[in-house]
Amino acid sequence: MTTRLKGAVIGCGFFAQNHLHGWAEFDDVEIVAVCDLDDAKAKAAAEIFGIARVYTSAQALFETEVLDFVDIPTTMEMHEPLAGLAFAHGVPVILQKPFAPDLDACKRIVAAAEAANVTLMIHEDFRFQNLFRKVRDIVDSGELGRLTFGRLSWRTGINVYANQPYLVHVKRFIIMDVGVHLLDLARFLFGEANSVFCRTQQIKTGIAGEDAAIVLLGHDNGATSILDFSYATKRDPDPFPQTLGEIEGTDGTLIIGAGGTLTLHANGATRTIAVPHDCRGWTSEPWTQIQDSVVHTQRHFIDSLRRGIEPATSGRDSLATYALLEAAYLSAASGALIHPDRFPREPA
Ligand SMILES: NC(=O)c1ccc[n+]([C@@H]2O[C@H](COP(=O)([O-])OP(=O)(O)OC[C@H]3O[C@@H](n4cnc5c(N)ncnc54)[C@H](O)[C@@H]3O)[C@@H](O)[C@H]2O)c1
């Protein structure tokens, strides 16, 4: 029988509940401890998920537990110190997005992981949705020909501030929160980008950052992609949390429609493909698509650890996503087209 990997979860807040539910589905993983600065949150998680030990100090956790990995779904400000503690104890890490408050901090975290020779993955879940696995398969099949254009659109009016009240105060808001997912998806589907233009808007009053943005990417393969996203869109039905869009190539077009419906026009024929997400006992609409992808992301991390390979969204890989994010903010502030820093992956 496969040995069970022993893990801990640091941060038992809003989104961590999905991580905890996800880990509970794995036969080959045991979460042996949870940690939160807030004792009540850590204890509640331990009770609900039957987890043996509870900590309010990450230092104490690492000094006491023997761990195969740690999952850190805190907000990004704590990622560098918490990941640093894990690396000092030789423990592989999966960090929630966004990676860190700025690109320099991301680079420091990657350097620390590499110096410690431990795996670091960013929990970037959109590319692990069933829908985007299928989209990628279609792109890879060559049916669309050479890619020329793509649009990924994520627009909603849900009250995101109810579950995540800290978002009212963040100065770099929607590109960090949602844009980073779409930037990663754009890399996943169209490949690396070498130019970034961005325009941001603050539509809701009383918040500190931008709540709508459009990013235009020029990709190395010649394709152009547009990412548009908004938390200030009044629409019925509200598409949250779906990413809609289209991909054009020299031989066809793929429409990414609502409800996980793909419409593929290629070779003179049109067909529709339904791509459902997996409903789980603990998932609930409208979150199912995201919750389901959490489990696929976790599975990828565990499989990468077991096989000793670099995860697709490793820390090093995610530097390229983050460079696009930094370039988008720089473009929005300056009005200029920005050529992002490049971070090629080591050959496998
Ligand atoms: N991937 C997605 O689809 C998705 C969706 C929602 C949120 N998120 C991300 O999840 C992250 C967490 O968001 P949230 O809304 O759950 O935040 P939250 O504030 O509800 O939870 C964070 C928890 O971490 C704890 N914490 C902070 N520092 C700690 C430390 N040093 N040691 C132990 N515990 C500590 C806090 O006490 C809190 O309980 C954010 O970065 C957010 O962007 C991702």
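For ligands, and for the atoms within them, numbers begin at 1 and follow the listed sequence.
- Remark: ligand 1 atoms within the under-4.0 Å shell around heavy atoms of Tyr166 are 13 (O), 14 (P), 15 (O), 17 (O), 40 (C), 42 (C).
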What pairs of donor and acceptor atoms, side-chain ones from residues 262-269 against any protein atom, are under 3.5 angstrom apart with sequence neighbours left out?
from: His265; atom 1: ND1; to: Ala269; atom 2: O; distance (Å): 3.4
from: His265; atom 1: ND1; to: Thr270; atom 2: OG1; distance (Å): 2.7

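- Note on residues 195-211: pairs passing side-chain hydrogen bond (donor to acceptor under 3.5 Å, both in side chains), not counting sequence neighbours, are Glu210-Tyr329.
- For Asp125, every heavy-atom contact with ligand 1 shorter than 4.0 Å involves the side chain, none the backbone.
- For atom 7 (C) of ligand 1, the closest heavy atom belonging to the protein is Gln164 NE2, 3.4 Å.
- Between Phe15 and His123, the ring planes are perpendicular. Angles over 60° get that label, and only those under 30° would be called parallel.
- Close contacts of ligand 1 with Ile290, meaning ligand atoms under 4.0 Å from a residue heavy atom, involve 3 (O).
- Judged purely by distance below 3.5 Å, without hydrogens or angles, the side chains of Ser318 and Thr321 never pair a donor atom with an acceptor atom.
- Distances shorter than 4.0 angstrom occur between a heavy atom of Pro73 and an atom of ligand 1.
- Relative orientation of the His21 and Phe49 rings is perpendicular, given thresholds of 30° and 60° on the angle between their planes.
- When each of Val295, Thr297, Asp184, Asn18 is tested with Asp125 by the rule side chain to side chain contact (heavy atoms under 4.5 Å, CB included), just one qualifies, namely Thr297.
- Not close to ligand 1: Tyr55, with no non-hydrogen atom less than 4.0 angstrom away.
- Close approach of ligand 1 to Pro98 (heavy-atom distance below 4.0 Å) involves ligand atoms 41 (O), 43 (O).
- The aromatic rings of Tyr161 and Phe173 sit tilted, their planes meeting at an angle between 30° and 60°.
- Among all non-hydrogen protein atoms, the one lying nearest atom 26 (N) of ligand 1 is Thr74 CG2, 3.8 Å.
- Every N/O-N/O distance between His123 and ligand 1 stays at or above 3.5 Å.
- Close approach of ligand 1 to Ile10 is summarised as follows: ligand atoms under 4.0 Å from at least one heavy atom of the residue are 32 (N), 33 (C).
- Atoms of ligand 1 lying under 4.0 Å from any heavy atom of Lys97, numbered from 1 in the order shown and given with element: 1 (N), 9 (C), 40 (C), 41 (O), 42 (C), 43 (O), 44 (C).
- Placement of Tyr231 and Val168 within a single hydrophobic cluster is found when ILVMFWY residues are connected by side-chain heavy-atom separations under 4.5 Å, directly or transitively.
- Ion pairing of Arg306 with Asp68 is absent here, as no side-chain N (NZ or NE/NH1/NH2) approaches a carboxylate O to less than 4.0 Å.
- Of all atoms in ligand 1, numbered sequentially from 1 with element shown, those under 4.0 Å from a heavy atom of Lys41 are 38 (C), 39 (O).
- The backbone N or O of Asp278 lies less than 3.5 Å from a partner atom in the side chain of Asp292, making a donor-acceptor pair.
- The nearest heavy-atom contact from the protein to atom 31 (N) of ligand 1 is Met78 CE, 3.3 Å.
- Scanning the protein for heavy atoms near atom 10 (O) of ligand 1, the closest one is Gln96 CG, 3.7 Å.
- Taking a 4.0 Å cut-off on heavy atoms, His181 registers as neighbouring ligand 1.
- Of the possible polar contacts, one joining the Ser304 side chain to the His300 backbone as a donor-acceptor pair under 3.5 Å is found.
- Listed for the Arg136 side chain is a donor-acceptor partner under 3.5 Å among the backbone atoms of Phe188.
- Residue Phe15 holds the heavy atom nearest to atom 4 (C) of ligand 1 of all those in Trp287, Phe15, Phe128.
- Counting only non-hydrogen atoms, the option in Asp38, Leu37, Asp39 that gets closest to atom 33 (C) of ligand 1 is Leu37.
- Those atoms of ligand 1 with a heavy atom of Asp177 less than 4.0 angstrom away are 43 (O).
- For atom 21 (O) of ligand 1, the nearest non-hydrogen atom of the protein is Gly13 CA, 3.3 Å.
- On a distance-only criterion, Phe14 and ligand 1 share at least one N/O pair closer than 3.5 Å.
- With hydrogens left out, the protein atom closest to atom 38 (C) of ligand 1 is Asp36 OD2, 3.5 Å, a heavy atom.
- The 12-atom threshold is not exceeded at CD of Glu47, counting heavy atoms of other residues, nucleotides or ligands nearer than 6.0 Å.
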